[in-house]
S.K.: 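Pasting a structure below so you can have a look.
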Amino acid sequence: MATTPTIPESRSAGTVIIAGGSIAGLLAAAACQPYAEEVIVLERDTLPDGPAPRPGTPQVGHAHGLLAGGRLAAERLLPGFSEDLLAAGAVTKDDLGRSGRWFIGGGLLADTTIGQDGMSVSRETVESAVRDRVRKLDNVTVIEGIDVCGLLAEAGRVVGVRVRHPGAGPMEETMRADLVVDATGRSGRGVGWLRDLGLPVPREERVKIGLTYATTHIERRPDDIDGRLVSVSGPVPTVPRGGVAIAQEGDRWIVTLFGYVDEHPPLDEDGFRAYARQLVNTDLGPLLASRPLLHAPRGYRFPDSRRRYFEEVADLPVGYAPIGDAICSFNPSFGQGMSVAALEAVALGDALASGLGAVRTDYPAGAAEVVDRAWAMVTGADLQIPGVEGPPPSAPAWVAAYIRRLQRVARRDPVVAAAFFRVTNLMDHPRRLLRPSIAWRVLARG
Ligand SMILES: Cc1cc2nc3c(=O)[nH]c(=O)nc-3n(C[C@H](O)[C@H](O)[C@H](O)COP(=O)(O)OP(=O)(O)OC[C@H]3O[C@@H](n4cnc5c(N)ncnc54)[C@H](O)[C@@H]3O)c2cc1C
């Protein structure tokens, strides 16, 4: 049963300001509110009342998977969140291990059971459900149509933000806070603000993947893809392209095709359909051939995955904490960004429960632990694709060979498939794939 977070009698922070009111910012607000007198979310966009696109999140029109580990983390912060998604039309069916068809590493993974239902829903509805819950929290205020343009610092400590109202001229105001959470996304605005003040900034790493997305919607019928909610085609070095169909509210599929480096999914209907037939996955081609596209495919370019190593900055100022894409923006085809943000928000709340000092001393490492898990998986796979450029993977070469073997075994071994799904859904740490009960199956059957 869902439980409400305990509200301690003495809160460890007065005012927490969150810059950016997308998934990471809203979940950060939920995480901080039990431990702060007030939480103020400052969002540049005017926010819609329900699920709808807006300028500050241009990615929402493309397929988004919400991983089980991310949904559980969001549920912990906002009890009732999953019920809200279902009420808003999210589609659920069966255990996640049997709810989709995953062609990963060149083959179809076995059906299995991981102990969590599969749930499919659009990115707009996820954000709308989070926003509605957060708006109901008594000490949280969401202010929209306000642009955070810098930080305020005193004696090396961040003590607030500078803001202005778009369209109201260059005049700025200041807002003071005990903690400023930077949830402004992948562009690194917060790092620029730290630099402007002469404060230390993190090292940044980029893996150039040159990813191109193309997305459309089609009607969804109950017996499509064997009644499943998801069909995924992961890339392999010889086929550096992929795609996904995810069931959406309103009996629709969202279908996104993607390619690395020089592979560009076409934006014309015939080319889009032809591209889908060239995937490892055998579902998407026939599915797209069977009915009209509801709109012409729309493109999106994602040049690189990027990570900022805040945990390495010894003298990161007190009063500043980044979250979400501001820390790490992953190859989106792995579907991790929202879920990593949710797990980071849990880490932020846990730190703030111990006081502002712990946000400075413990949270960067806590967030890095979450990011490490996803980053290692994503970059380890991406760096095997010809033409992808980046620093060598942190894991030794035998790990990549072991994972390839594990994926082969997972095509016919439900126990190994379940272990793999639990890790890729951020429910378990990747080291669980090396435990003896899994390793012997991989080594004996690979
Ligand atoms: C094409 C694509 C597909 C993706 N697919 C998936 C997926 O399948 N699964 C998944 O989990 N994730 C996916 N992601 C990532 C996911 O969208 C993000 O991780 C998620 O939105 C959380 O990001 P965020 O809140 O940190 O930043 P964003 O969503 O980028 O939000 C930043 C917010 O800050 C606001 N803002 C910016 N500057 C200011 C300012 N100066 N003042 C005030 N407000 C400001 C913006 O308006 C925006 O609302 C995908 C991303 C892309 C690009």
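One-based numbering, in listed order, for ligands and for the atoms of each.
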S.K.: Salt-bridge test for D94 and R98: reply yes if a basic N is under 4.0 Å from a carboxylate O, no otherwise.
M.R.: yes
S.K.: Counting from 1, what ligand 1 atoms have a heavy atom of R123 closer than 4.0 Å?
M.R.: 17 (O), 20 (C), 21 (O), 29 (O)
S.K.: Check each of G21, S329, P332 against atom 51 (C) of ligand 1 and report the one with the nearest heavy atom.
M.R.: P332
S.K.: For atom 29 (O) of ligand 1, which protein heavy atom lies nearest, and how many Å away is it?
M.R.: S22 OG, 2.7 Å
S.K.: Are A63 and ligand 1 in contact, using a heavy-atom cut-off of under 4.0 Å?
M.R.: yes
S.K.: Does A24 approach ligand 1 within less than 4.0 angstrom via side chain, backbone, both or neither, non-hydrogen atoms only?
M.R.: both
S.K.: Do any heavy atoms of I146 fall under 4.0 Å from ligand 1?
M.R.: yes
S.K.: Who's the nearest protein heavy-atom neighbour of atom 11 (O) of ligand 1, and how far?
M.R.: M338 N, 2.7 Å
S.K.: Taking the six-membered ring for Trp, are Y300 and H62 parallel (under 30°), tilted (30 to 60°) or perpendicular (over 60°)?
M.R.: perpendicular
S.K.: Give the atoms of ligand 1, by number and element, whose distance to some non-hydrogen atom of T57 is under 4.0 Å.
M.R.: 29 (O)
S.K.: Show the atoms of ligand 1 that are less than 4.0 angstrom away from any heavy atom in R189.
M.R.: 37 (C), 38 (N), 41 (N)
S.K.: Only heavy atoms count here, so choose which of I323, T184, N331 is nearest to atom 39 (C) of ligand 1.
M.R.: T184
S.K.: Please list the nearest protein heavy atom to atom 9 (N) of ligand 1 with its residue and the distance rounded to 0.1 Å.
M.R.: G65 O, 2.9 Å
S.K.: List ligand 1 atoms under 4.0 Å from V148, heavy atoms only on the residue side.
M.R.: 40 (C), 41 (N), 42 (N), 43 (C)
S.K.: Yes or no: does R54 have any heavy atom under 4.0 Å from an atom of ligand 1?
M.R.: yes
S.K.: I'd like to know if R206 pairs up with D304 as an ion pair, taking the criterion as any Lys NZ or Arg NE/NH1/NH2 lying under 4.0 Å from an Asp or Glu carboxylate oxygen.
M.R.: yes
S.K.: If you have a sec, work out which protein heavy atom is nearest atom 40 (C) of ligand 1 and how many Å separate them, to one decimal?
M.R.: D147 OD1, 3.5 Å
S.K.: Give me the residue, atom name and distance of the protein heavy atom closest to atom 52 (C) of ligand 1.
M.R.: Q59 CB, 3.4 Å
S.K.: Between Q116 and A68, which heavy-atom pair has the shortest distance, and what is it?
M.R.: CB-CB, 4.3 Å
S.K.: A19: heavy atom below 4.0 Å from ligand 1, yes or no?
M.R.: no
S.K.: Check each atom of ligand 1 against the heavy atoms of L42 and keep those under 4.0 Å away; list them by number with element.
M.R.: 43 (C), 44 (N)
S.K.: If only atom types and distance count, is the side chain of R133 paired as donor or acceptor with the main-chain N or O of A30 below 3.5 Å?
M.R.: no
S.K.: Using a 4.0 Å cutoff against the non-hydrogen atoms of G185, which atoms of ligand 1 qualify?
M.R.: 27 (O), 30 (O), 32 (C)
S.K.: Any salt bridge linking R123 with E127? Criterion: basic side-chain nitrogen under 4.0 Å from a carboxylate oxygen.
M.R.: yes
S.K.: Tell me which protein heavy atom sits closest to atom 47 (O) of ligand 1, plus the residue, atom name and distance to 0.1 Å.
M.R.: E43 OE2, 2.6 Å
S.K.: Please confirm whether the ring centroid of F421 lies under 6.0 Å from the ring centroid of W102.
M.R.: yes
S.K.: Decide yes or no on side-chain hydrogen bond (donor to acceptor under 3.5 Å, both in side chains) for D117 and S99, but give the supporting numbers first.
M.R.: CA-CA 8 Å; D117 284 350; S99 68; over 6 Å; no
S.K.: Please name the pair of heavy atoms, one in L151 and one in R162, separated by the smallest distance, quoted to 0.1 Å.
M.R.: O-NE, 4.1 Å
S.K.: Please answer whether the main-chain N or O of I209 pairs with a side-chain N or O of N331 as donor and acceptor at a distance below 3.5 Å.
M.R.: no
S.K.: Show me which atoms of ligand 1 lie under 4.0 Å from any heavy atom of G337.
M.R.: 10 (C), 11 (O), 12 (N), 19 (O)
S.K.: For atom 15 (C) of ligand 1, state which one of H64, R301, R186, Q336 supplies the nearest heavy atom.
M.R.: H64
S.K.: What do you reckon, does G25 have a nitrogen or oxygen under 3.5 Å from a nitrogen or oxygen of ligand 1?
M.R.: no
S.K.: Could you check atom 19 (O) of ligand 1 against the protein and tell me its nearest heavy-atom contact, residue, atom and distance included?
M.R.: D325 OD1, 2.7 Å
S.K.: Write down the atom of S339, the atom of L67, and the distance for their closest heavy-atom approach.
M.R.: OG-N, 3.2 Å
S.K.: Around R54, counting heavy atoms of other residues, nucleotides and ligands shown, do more than 12 lie under 6.0 Å from its CZ?
M.R.: yes
S.K.: Using a 3.5 Å distance criterion without hydrogens, assess whether the side chain of Q384 forms a donor-acceptor pair with backbone atoms of G380.
M.R.: yes
S.K.: Looking at atom 43 (C) of ligand 1, what's its closest protein heavy atom, distance included?
M.R.: R44 N, 3.3 Å
S.K.: Please determine if R186 forms a cation-pi arrangement with F330, meaning its NZ or CZ atom is less than 6.0 Å from the six-membered ring centre and no more than 45° off the ring axis.
M.R.: no
S.K.: Compare every heavy atom of E172 with every heavy atom of C149, then report the nearest pair and how far apart it is.
M.R.: SG-OE2, 3.5 Å
S.K.: What atoms in ligand 1 come closer than 4.0 Å to a heavy atom of A183?
M.R.: 32 (C), 33 (C), 34 (O)
